[in-house]
Student: 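One structure, as structure tokens, below. Some questions next.
We use all heavy atoms of the structure for the numbers below, so side chains are in, but hydrogens, waters and symmetry mates are not. Just so we're clear, the structure is a prediction, and the values are computed from it rather than from any experiment. Atoms within each ligand, like the ligands themselves, are counted from 1 in listed order.
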Amino acid sequence: MYNIIRKKRDGFELSREEITKFVKEYTDGKICDYQASALLMAICIKGMTARETSDLTTAMANSGDTVDLSGLGSLSADKHSTGGVGDKTSLIVLPIAAALGCKVAKMSGRGLGHTGGTVDKLESIPGYETAISPEKLIEQTKKVGIALASQSGNLTPADKKIYALRDVTGTVESIPLIASSIMSKKIASGAQNIVLDVKVGSGAFMKSIDDARDLANAMVEIGKASGRNVRAILTNMDIPLGNAVGNSLEVIEAIEILKGNGDKNLLDICCVLAANMASMAVGFDEEKALSLAYESVENGSALLKFREWIEAQGGDGRIVDNYSLLGKASVEKEIKSEISGYITKMDAEKIGNICVDLGGGRKTKEDKIDHTAGIILVKKTGDKVEKGEVIARVYTNKEDVVIKAAEDFLNAIEIADKKPEMQKLIYEVVK
Ligand code: URA
């Protein structure tokens with residue numbers, strides 16, 4: 001390890017053997033944290049070549065169990081978001097992609113920091129079982145077109161250990177480390193066709209388009225080297241996605257979108273993601289895939305798929321028509337604007353953190369989530385507000401956090417006289 005650390009520190013390329021040895025021995029507990037930290041910091045500062053990043057990914061993907069989706073043939077498709085605030089796209093994209101013929105057997109994570117996780121959102125549905133066996137995952141996907149489980153205990157154990165170390169050593173923000181972390185999990189999860197939603201902006205890990213593009217290119221290259229079809233879509237995360245932030249609130253918003261209601265921007269992103277999955281997996285041309293995606297929402301087939309999926313996994317499908325089955329927080333507070341003007345900025349990261357304070361996320365791994373806690377954004381960037389008008393509503397079961405949440409929310413937004421220029425929602429597709 002001593003020589004490997006010095007080699008990377010001095011800017012040289014590590015061999016496949018050196019990278020594989022590091023990953024294997026660190027996972028097995030044979031390398032201590034301080035040496036692993038030193039190497040991660042050297043990688044953070046000196047970077048990695050495409051070959052090194054690909055070797056790191058392969059070693060991490062092979063560090064534990066892998067899921068064999070060959071039974072789903074070329075139709076297997078997966079989607080991954082690099083993490084955002086109010087990002088409920090999986091709940092909408094999967095039913096649309098399945099309605100178009102994709103087979104989506106997906107492993108998802110829980111919330112991380114200020115960003116939410118799909119497994120937490122789904123667990124707000126009474127009865128939904130996230131811990132299912134690989135056999136059930138595949139059988140259900142064959143039958144319904146969708147199954148979504150929490151990551152199995154032994155999927156990419158190397159990533160679990162390395163990620164936990166990066167989290168406390170200032171080595172999260174490194175393109176080769178993020179790319180290998182994400183792609184190792186996607187490759188181990190088995191899908192042939194993978195769409196990556198790379199978030200850019202204040203609520204995302206990547207704050208600039210250039211960094212996001214570099215990350216997207218790195219992940220697409222890793223995919224190619226492993227024989228997978230990968231596309232990355234760069235999307236805006238300067239403002240939270242849609243109007244709901246918080247687990248059960250986001251489930252309701254997702255169902256509303258599938259019913260053809262709600263935020264048009266959110267529907268547009270979801271249709272683009274699903275269309276890219278279907279064009280790779282089913283073979284539609286891109287334009288046709290996009291029009292079929294919108295059609296599946298208009299004709300109700302995507303909503304039907306959503307209900308079928310939830311019920312197949314033990315969830316109460318009646319939530320589609322009766323949101324009260326998801327429960328409701330005991331405290332609800334309206335946040336009113338103190339001035340008139342246009343909302344020019346909403347800090348997505350701060351809003352994500354307020355949701356955590358309300359109980360909707362975890363501060364430590366052991367924290368229990370309050371699924372009903374969260375925020376509804378009544379107004380968003382670009383909207384005009386009058387003094388005293390409601391701009392958001394917060395929901396929690398913790399009476400004592402409400403006043404601070406309201407104050408923090410007002411500090412997370414900016415209001416000015418001039419209407420801001422509307423930002424792009426989808427920046428580019430990297431293939
Ligand atoms: N998500 C991951 O899974 N890994 C990272 O390193 C960053 C975001």
Student: Taking only heavy atoms of S181, which atoms of ligand 1 are found under 4.0 Å from at least one of them?
Tutor: 2 (C), 3 (O), 4 (N), 5 (C), 6 (O)
Student: May I ask you to list the atoms of ligand 1 that are less than 4.0 angstrom from any heavy atom of Y163?
Tutor: 4 (N), 5 (C), 6 (O), 7 (C)
Student: Just wondering, are more than 12 heavy atoms of other shown residues or ligands nearer than 6.0 Å to NZ in K398?
Tutor: yes
Student: Report yes or no: do E221 and S54 form a side-chain donor-acceptor pair below 3.5 Å?
Tutor: no
Student: With sequence neighbours excluded, what pairs up with K46 under the side-chain contact (heavy atoms from CB on, under 4.5 Å) test?
Tutor: K8
Student: Please determine whether salt bridge (Lys or Arg N to Asp or Glu O under 4.0 Å) holds for the pair K305 and E308, giving the CA-CA distance in whole Å, both sets of side-chain angles, and the decisive distance to 0.1 Å.
Tutor: CA-CA 5 Å; K305 271 284 161 223; E308 238 186 291; 3.4 Å; yes
Student: Just which atoms of ligand 1 are under 4.0 Å from any heavy atom in R166?
Tutor: 6 (O)
